[in-house]
A.B. asks: 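The structure that follows is given in the form of structure tokens.
These figures come from a predicted structure and were not determined experimentally. Naming convention: chains lettered A, B, ... in sequence-line order (proteins, then strands); numbering from 1 in each chain.
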Protein chains: 2
Amino acid sequence: MHQAHPALRQPVTAADRVLQEIQRAIVEGDIAAGSKISEPELARRFDLSRAPLREALARLERCHLIERIPNAGARVVTLSTTGLLALYQLRENLEGLACKLAAEHMTDAEITEVRQLLDQHLSSQRVREGESYYQEAGDLDFHYRVILGSKNSYLINILCDELYYLVRMYRVQLGMNGPRVSRAFDEHKAIINAIANRDGELADLLMRRHIAASRRNIELQLQQMGT
Amino acid sequence: MHQAHPALRQPVTAADRVLQEIQRAIVEGDIAAGSKISEPELARRFDLSRAPLREALARLERCHLIERIPNAGARVVTLSTTGLLALYQLRENLEGLACKLAAEHMTDAEITEVRQLLDQHLSSQRVREGESYYQEAGDLDFHYRVILGSKNSYLINILCDELYYLVRMYRVQLGMNGPRVSRAFDEHKAIINAIANRDGELADLLMRRHIAASRRNIELQLQQMGT
DNA sequence: TAGGCGCATATTGTCGACAATCTACCTTTT
DNA sequence: AAAAGGTAGATTGTCGACAATATGCGCCTA
């Protein structure tokens with residue numbers, strides 16, 4: 001049997017469990033951005049020893065949610081405009097590539113599934129006008145599918161395991177709901193159409209634009225906050 | 001003082017030291033590709049306890065040199081054609097992006113340094129005609145500089161910390177010396193020229209071609225080995 | 001004889017304690 | 001009074017032992 005992707009795999013070890021809990025806590029701001037991580041404190045809080053906790057911290061560092069300095073401890077990352085732009089710069093390129101590869105490698109069945117997913121989103125989105133969480137979850141779901149469709153394990157690993165938690169953290173903590181909801185759906189549709197037509201070049205272009213639009217939207221919000 | 005990049009930072013902790021040793025051992029095939037990793041054995045071999053060893057293993061997994069399965073242990077990665085192609089596919093894109101960004105962000109001083117580096121390589125390469133190791137080291141050095149020049153920390157992290165050990169492993173173990181030595185130098189020159197001219201688009205294109213050429217070279221060698 | 005079950009062994013995951021290092025406050029000196 | 005040094009406290013890094021899980025062999029059964 002084919003091994004499920006690590007990100008989707010359910011936790012089997014104590015380190016896995018505490019990793020997911022801390023990940024959620026950091027992403028949702030339950031543990032404040034920029035705050036110092038105390039190993040003894042977290043160990044007490046989650047009721048386990050420091051060994052599995054440190055294993056979890058190592059993986060948190062891997063997905064850029066914390067930064068560690070030897071003998072000095074770990075801090076939760078601080079969110080910044082420059083950091084966000086650097087992250088989206090990379091996303092634009094990597095997800096563009098993912099689209100191009102998805103156009104080559106996705107099966108017709110997988111494409112059909114994504115289309116069904118979008119139809120689902122559309123109907124549920126009509127009901128919950130502008131409710132940001134569902135939009136976000138749906139958006140991430142779409143992007144996940146396309147990324148997995150690239151069939152490039154390194155690319156999948158980077159996007160799904162290492163970058164997306166940070167993307168979500170920015171979205172949640174800077175409140176990126178915005179008025180892009182319905183427009184994003186149309187863009188998703190156009191992207192999956194290009195993939196279905198096996199037009200990798202177009203899919204690449206559309207995805208880059210899609211993410212660039214999202215990035216501009218974020219920049220505007222940040223600018224307004226700054227004033 | 002600005003913190004040096006992790007990859008270049010000298011080891012301060014026992015886990016750091018053993019990480020570098022095992023990294024080297026795996027990359028150079030001293031620990032065979034595909035072989036099982038025994039924690040107790042390695043702990044004895046490097047004369048430390050399993051705690052720092054496991055820390056090192058976590059980081060080895062991060063740079064794709066080993067694969068771990070919970071409760072079942074770790075194996076050194078197996079080298080494959082499909083894996084190599086997936087890796088280079090990503091490199092092409094990411095280093096292309098790095099070039100584009102380097103054209104925007106590298107200082108004139110940094111560009112001058114890279115040019116001096118290339119001149120050094122050229123002279124030392126004339127002496128050691130076709131000696132593959134030095135070529136490789138020089139090549140990596142050039143790529144490192146350009147990547148750092150992108151000034152995008154996420155991109156730097158992915159390329160220098162997560163992907164390059166595996167690239168080196170393929171190069172060393174599949175013996176990628178080849179006749180591309182002098183041609184590669186010319187390509188490097190062209191790339192740094194484009195960066196110096198602040199022509200990001202061209203630098204991107206040239207770097208993609210440069211890596212694609214390297215990839216085709218590898219494919220040929222693999223094909224010949226397969227027959 | 002082939003296949004499946006169960007136990008012995010070995011390996012990984014986790015724990016609590018100790019050692020090494022850093023941080024912060026206080027003292028001392030110019 | 002400001003700066004440098006030292007010391008106490010806390011935190012991280014490392015260790016050895018125990019618990020939980022997987023691997024492999026022998027045995028039993030069909």
A.B. asks: Round to the nearest Å and state the distance from A:R75 atom CZ to C:dC22 atom P.
C.D. replies: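 About 17 Å, once rounded to whole Å.
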A.B. asks: Is there any salt bridge (charged side-chain N to carboxylate O under 4.0 Å, His left out) pair reaching into residues 77-94 of chain B, and which pairs are they, with sequence neighbours excluded?
C.D. replies: B:R91-B:E95, B:E92-B:R215
A.B. asks: Please enumerate all residues that pass side-chain contact (heavy atoms from CB on, under 4.5 Å) together with B:A56, with sequence neighbours excluded.
C.D. replies: B:V18, B:L19
A.B. asks: Only counting residues at least two apart or in another chain, list the ones meeting salt bridge (Lys or Arg N to Asp or Glu O under 4.0 Å) with A:E61.
C.D. replies: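 Salt bridge (Lys or Arg N to Asp or Glu O under 4.0 Å) list for A:E61, sorted by chain: empty.
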A.B. asks: Can you give one letter per nucleotide of nucleotides 9-20 of chain C, going 5' to 3': B for a protein heavy atom under 4.0 Å from the base, S for sugar-phosphate only, - for none?
C.D. replies: ---BBBB-B---
A.B. asks: With sequence neighbours left out, what residues match A:R50 under side chain to side chain donor-acceptor pair (under 3.5 Å)?
C.D. replies: A:E39
A.B. asks: Going by the rule side chain to side chain donor-acceptor pair (under 3.5 Å), which residues pair with B:R115 if we only count those two or more places apart in sequence or in a different chain?
C.D. replies: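 Side chain to side chain donor-acceptor pair (under 3.5 Å) list for B:R115, sorted by chain: B:N193.
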